[in-house]
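Remarks on the structure that follows.
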Amino acid sequence: MSASRDDTIGIAPSALDDAADRKRRIWAIVGSSSGNLVEWYDFYCYAFFALYFAPAFFPKGDSTTQLLQTAGIFAVGFFMRPIGGWLFGRIADRVGRRTSMVISVLMMCFGSLLIGILPTYEHVGTLAPVLLLLARMLQGLSVGGEYGTSATYMSEVAIKGKRGFFASFQYVTLIGGQLLASLVLVFLQTVMTGPELTAWGWRIPFFIGAALAVVALYLRRSLAETKDSSDKETAGTFAELSKHWRAFLVVVAYTAGGSLSFYTFTTYMQKYLVNTAGMPKTSASQTMTVVLFVYMIIQPIFGALSDKIGRKANMLLYSGLGTLMVVPLMTALGTNKDPYLAFALITLGLAVVSFYTGISGIVKAELFPTNVRALGVGLSYAVANATFGGTAEFVALWFKDNGMESTFFWYVTVLMAIAFVASLIMPNPKVHGYLDGAGTVEEALGKKPRLAHA
């Protein structure tokens, strides 16, 4: 497969036949996505085990207040993502995608290990939540860089004509990280008592994450590079990215709704089932584990669908259906204690979200040229994700704490409607895109292109 200026692959020399080239590309997808799984496992352990460690760091107040405080720190971790998106995006665009991914997984390993050994409020007082905050900031910085770089790398190595299918494995492993964290939770709930988990058992998953990161580091070090590091003058700079500000804003707009709906139906949903619907913790954990498994395995279906009907069609279906579904689904879930019905309703919601998550990385990567692709994808995603996704739990719990829980459902609905408008404006990557398109994104957005598409 030949490489153009805006689609630099560099994985297999031209002397290799198509079969060998395909094999190396698939291995690159596996290697990069395995590290992605570890990164997101570490990040989501915090969300899933907050029900148990919240009293250790915030001993005062009822369960909603404690969860609100831990959700606040969860949100702060997200606000480090734009910094991580900029830092690691710049490294990826100027030095190389592989280097950026190796550094990010090392940083996540350290952050996870730090949480595992933190002293509690009982031993060091207010220093305990401060240290927890610092550890989450470090993890937020890491995962902020992880998304953009891995999305860029997987989009660049994916086989043309099947980019949606192969790029969907970014969310397979992202959800897989959540699923693994949920499985660890269910296992520990089975072999340990509630008091044991609250006292010290919550530390175990963070130690597991630190160990897994070592394996991911080994796999990532063996990856081939996709970025030619010779072009360093403009690569990864804000000046170059500013030429593509229209694409940047479109991505921010549709990612806002995508991130908010994703976190509403995944990480917040476990707490919603326990705290609002009144479902037992173990039932909620088991239900969400099965939901996440189904959600994970359907991602390639929606990625492959986008290869057939186009990314724009996927995005319109996700945002249009999503705007209509949030209020009725959340209302029904809030009064339901049947785990089977909860499974069906949450799976339905996530099936709609899958029109977006199945192509989340590729639909952004196609809108930016090679020399600012990692920065453009990572920073735009991180800004929207931090502002709306990272605050999902905090905002939801705040509305609940103030007796206005249903207002949160309408908040999500409004963001989905904005995502629908952004999806309408978004250029069709098959016609105007930097990976497969014949024209440029700037042409589609009504601006004379400054970087020609080869």
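Worth knowing before you read on, the calculation uses all heavy atoms, side chains too, and leaves out hydrogens, waters and symmetry mates. Numbers here are sequence positions counted from 1.
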What's the shortest heavy-atom distance between [X] and [Y], and which atoms?
X: Leu260; Y: Tyr411; result: CD2-CE2, 3.6 Å
X: Val363; Y: Arg311; result: CG2-CB, 3.9 Å
X: Thr323; Y: Ala417; result: OG1-N, 3.4 Å
X: Arg373; Y: Phe368; result: NE-O, 2.9 Å
X: Phe408; Y: Ala392; result: CE1-O, 3.6 Å
X: Val251; Y: Thr255; result: O-OG1, 2.6 Å

Does [X], at its [atom1] atom, have more than 12 non-hydrogen atoms belonging to other residues, nucleotides or ligands within less than 6.0 Å?
X: Lys312; atom1: NZ; result: yes
X: Phe293; atom1: CZ; result: no
X: Phe207; atom1: CZ; result: yes

[atom1]-[atom2] distance between [X] and [Y], expressed to the nearest 0.5 angstrom:
X: Thr413; Y: Ile418; atom1: OG1; atom2: CD1; result: 11.5 Å
X: Met288; Y: Lys271; atom1: CE; atom2: NZ; result: 10.0 Å
X: Ile425; Y: Leu249; atom1: CD1; atom2: CG; result: 10.0 Å
X: Leu321; Y: Phe420; atom1: CG; atom2: CZ; result: 9.5 Å
X: Leu375; Y: Asp93; atom1: CG; atom2: CG; result: 6.0 Å
X: Thr331; Y: Glu405; atom1: OG1; atom2: CD; result: 9.5 Å

Margin query: Under 6.0 Å between ring centres: does that hold for Tyr171 and Phe262?
Written below: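 Yes.
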Margin query: We want to know whether Thr357 and Tyr295 form a side-chain donor-acceptor pair, criterion being a heavy-atom distance below 3.5 angstrom.
Written below: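 Looking only at side-chain atoms, Tyr295 and Thr357 do form a donor-acceptor pair, the distance falling under 3.5 Å.
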Check: Are Gln170 and Ser150 linked by a side-chain donor-acceptor pair shorter than 3.5 Å?
Finding: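 Judged by distance alone, the side chains do pair up.
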Would you check if [X] and [Y] make a side-chain contact, meaning some heavy-atom pair closer than 4.5 Å?
X: Trp86; Y: Leu241; result: no
X: Leu180; Y: Leu212; result: yes
X: Gln139; Y: Ile115; result: yes
X: Thr370; Y: Glu156; result: yes
X: Ile359; Y: Met315; result: yes
X: Leu273; Y: Ile346; result: yes
X: Phe343; Y: Gln286; result: no
X: Phe79; Y: Met137; result: no

Notebook entry, point to check: According to the interplanar angle, ranging from 0 to 90°, do the rings of Phe166 and Phe169 count as parallel (below 30°), tilted (30 to 60°) or perpendicular (above 60°)?
Noted result: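 Plane angle between 30° and 60°, so tilted.
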Where the side chain of [X] meets the backbone of [Y], is there a donor-acceptor pair that is under 3.5 Å apart?
X: Tyr153; Y: Ala28; result: no
X: Ser259; Y: Ala256; result: no
X: Thr391; Y: Phe394; result: no
X: Ser100; Y: Phe88; result: yes
X: Asn428; Y: Gly310; result: no
X: Tyr254; Y: Tyr356; result: no
X: Ser104; Y: Ser142; result: no
X: Asp42; Y: Ser112; result: no
X: Ser182; Y: Gln178; result: no

Check: Does the pair Thr266 and Leu350 meet the rule for a side-chain contact (heavy atoms from CB on, under 4.5 Å), with working shown?
Finding: CA-CA 8 Å; Thr266 56; Leu350 287 174; 4.0 Å; yes
Item checked: Positive for side-chain contact (heavy atoms from CB on, under 4.5 Å) with Arg81, one of Thr387, Leu141, Val143 ->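 Answer to the side-chain contact (heavy atoms from CB on, under 4.5 Å) test with Arg81 among Thr387, Leu141, Val143: Val143.
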Item checked: side chain to side chain donor-acceptor pair (under 3.5 Å) between Gln270 and Ser285, worked out -> CA-CA 7 Å; Gln270 181 194 14; Ser285 298; 3.1 Å; yes
Notebook entry, point to check: So does Glu366 pair up with Arg163, basic N to acidic O under 4.0 Å?
Noted result: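 Salt bridge absent between Glu366 and Arg163.
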Margin query: Set out, in order, the CA-CA distance, both residues' side-chain angles and the distance that settles side-chain contact (heavy atoms from CB on, under 4.5 Å) for Glu393 and Thr264, then state yes or no.
Written below: CA-CA 7 Å; Glu393 285 192 17; Thr264 297; over 6 Å; no
Check: Taking it one step at a time, do Ile298 and Thr347 satisfy side-chain contact (heavy atoms from CB on, under 4.5 Å)?
Finding: CA-CA 11 Å; Ile298 65 175; Thr347 301; 5.9 Å; no
Check: Going through the distances and angles, do Leu185 and Phe49 end up as a side-chain contact (heavy atoms from CB on, under 4.5 Å)?
Finding: CA-CA 7 Å; Leu185 172 60; Phe49 283 86; 3.6 Å; yes
Note to self: I need the single residue from Ser360, Ser168, Ser354 that forms a side chain to side chain donor-acceptor pair (under 3.5 Å) with Gln299. Which is it?
What the structure shows: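 Among Ser360, Ser168, Ser354, the one meeting side chain to side chain donor-acceptor pair (under 3.5 Å) with Gln299 is Ser354.
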